[in-house]
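Working notes for the structure below.
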Amino acid sequence: MSRLQLALNVPSLDDAISFYSKLFATEPHKIKPGYANFVIADPPLKLVLFEQAGAEARLNHLGIEVPSSEDVSAHQARLADDGLAPVEENGTCCFAQQDKVWVDGPDGPWEIYTVLADAEDFGASSTHTDDSTDALCCGSMPEAQVRCC
C-alpha cells in the first residue's frame, strides 16, 4: 500500500506528539531525539515531525511511501521519462535504511521512498542534499534534519 507523507517542522516535539496522537487516535511509530513519525491507517498517512523551534515554515516536505524498492525504481523511471530529473538517494536517513528518489517540484521537494529497515542513527545526507546552498539540506546532526525522513 502506498501512502502520502507529510513532514512538518514543529516547535515542540512533545506537544506535537501529544496533539497528533489524539487527532489521529494512534501512538507514534518511532520517536528519536528531535524526530517522530506516525504510521496512520485511516487516512493512510505517514506523518513525520522534525523538532525545529526556529523553522521559518511549518511544511518541511512531502513524500510518497511505497511498498518496495521496485516501486521506487518504477517511479524513478517514469519521472525521468517525463523529464523531471529524479535524483536517487539510497542509504540511512531519518532513523531508517531507505531506497528513495527526490524530485523538485515548482513548490518544493517531493520524495518517493520505501523503508527497508529501522536504524539507530539519523543518517547522513546524500550528494543531492549535501549542497550547503540548499536550504532544504539534510545533515547528520539533529539540528540539520530538514529534508530526510
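All of these numbers come straight from a predicted model, not from anything done at the bench.
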Can you list everything that forms a salt bridge (Lys or Arg N to Asp or Glu O under 4.0 Å) with Glu56? Sequence neighbours excluded, please. none
Donor-acceptor pair, side chain of Thr114 and main chain of Val66, under 3.5 angstrom: yes
Run the side-chain hydrogen bond (donor to acceptor under 3.5 Å, both in side chains) test against Ser73 and tell me which residues pass, sequence neighbours left out. none
With rounding to the nearest 0.5 angstrom, report the CG to CG distance, Asp99 to Asp71. 11.0 Å
Whether the Gln5 and Tyr113 side chains hold a donor-acceptor pair (N or O, under 3.5 Å, no angle test) is what I'd like checked. yes
Partners passing salt bridge (Lys or Arg N to Asp or Glu O under 4.0 Å) against Asp118 (at least two apart in sequence or in another chain): Lys30
Minimum heavy-atom distance between Leu13 and Lys32, given as atom pair plus value: CD2-O, 3.9 Å
Heavy atoms of Pro28 and Ile17 approach each other most closely as CG-CG2, 3.6 Å
Restricting to non-hydrogen atoms, name the atom on Leu79 and the atom on Pro86 that form the minimum distance, rounded to 0.1 Å. CB-CG, 3.9 Å
Any side-chain heavy atom of Arg3 within less than 4.5 Å of one from Leu45? no
Cluster check Val39, Leu4: I/L/V/M/F/W/Y, side chain < 4.5 angstrom: no
Within the 4.5 Å heavy-atom criterion, are Glu65 and Val115 side-chain neighbours or not? yes
Looking only at non-hydrogen atoms, find the nearest pair between Ile64 and Ser2 and report the distance. CG2-CB, 4.5 Å
Validation row, ring centre Phe24 to ring centre Phe38 under 6.0 Å: no
Of all residues at least two apart in sequence or in a different chain, which pass the side chain to side chain contact (heavy atoms under 4.5 Å, CB included) check with Leu23? Phe19, Tyr20
Would you list the pairs meeting salt bridge (Lys or Arg N to Asp or Glu O under 4.0 Å) in which at least one residue belongs to residues 10-22, sequence neighbours left out? none
Using a strict 4.0 Å threshold on nitrogen-to-oxygen distance, state whether Lys100 and Glu88 make a salt bridge. no
Between Tyr35 and Cys94, the two heavy atoms sitting closest are OH-O, 3.5 Å
What pair of heavy atoms forms the shortest contact from Ala16 to Leu49, and how long is it? CB-CD1, 3.8 Å
Taking the side chain as C-beta and beyond, is there a heavy-atom pair between Leu8 and Leu47 under 4.5 Å? yes
In terms of side-chain heavy atoms, does Glu89 have a donor or acceptor partner in Trp102 at a distance below 3.5 Å? yes
Can you list every salt bridge (Lys or Arg N to Asp or Glu O under 4.0 Å) pair that touches residues 76-87, not counting sequence neighbours? none
Give the cluster check for Ile112 versus Leu116: same hydrophobic cluster or not, with ILVMFWY residues linked at side-chain heavy-atom distances below 4.5 Å. no
Atom CZ in Arg58, atom CG in Leu6: separation rounded to 0.5 Å? 8.0 Å
From CG (Asn9) to CZ (Phe50), nearest 0.5 Å: 7.5 Å
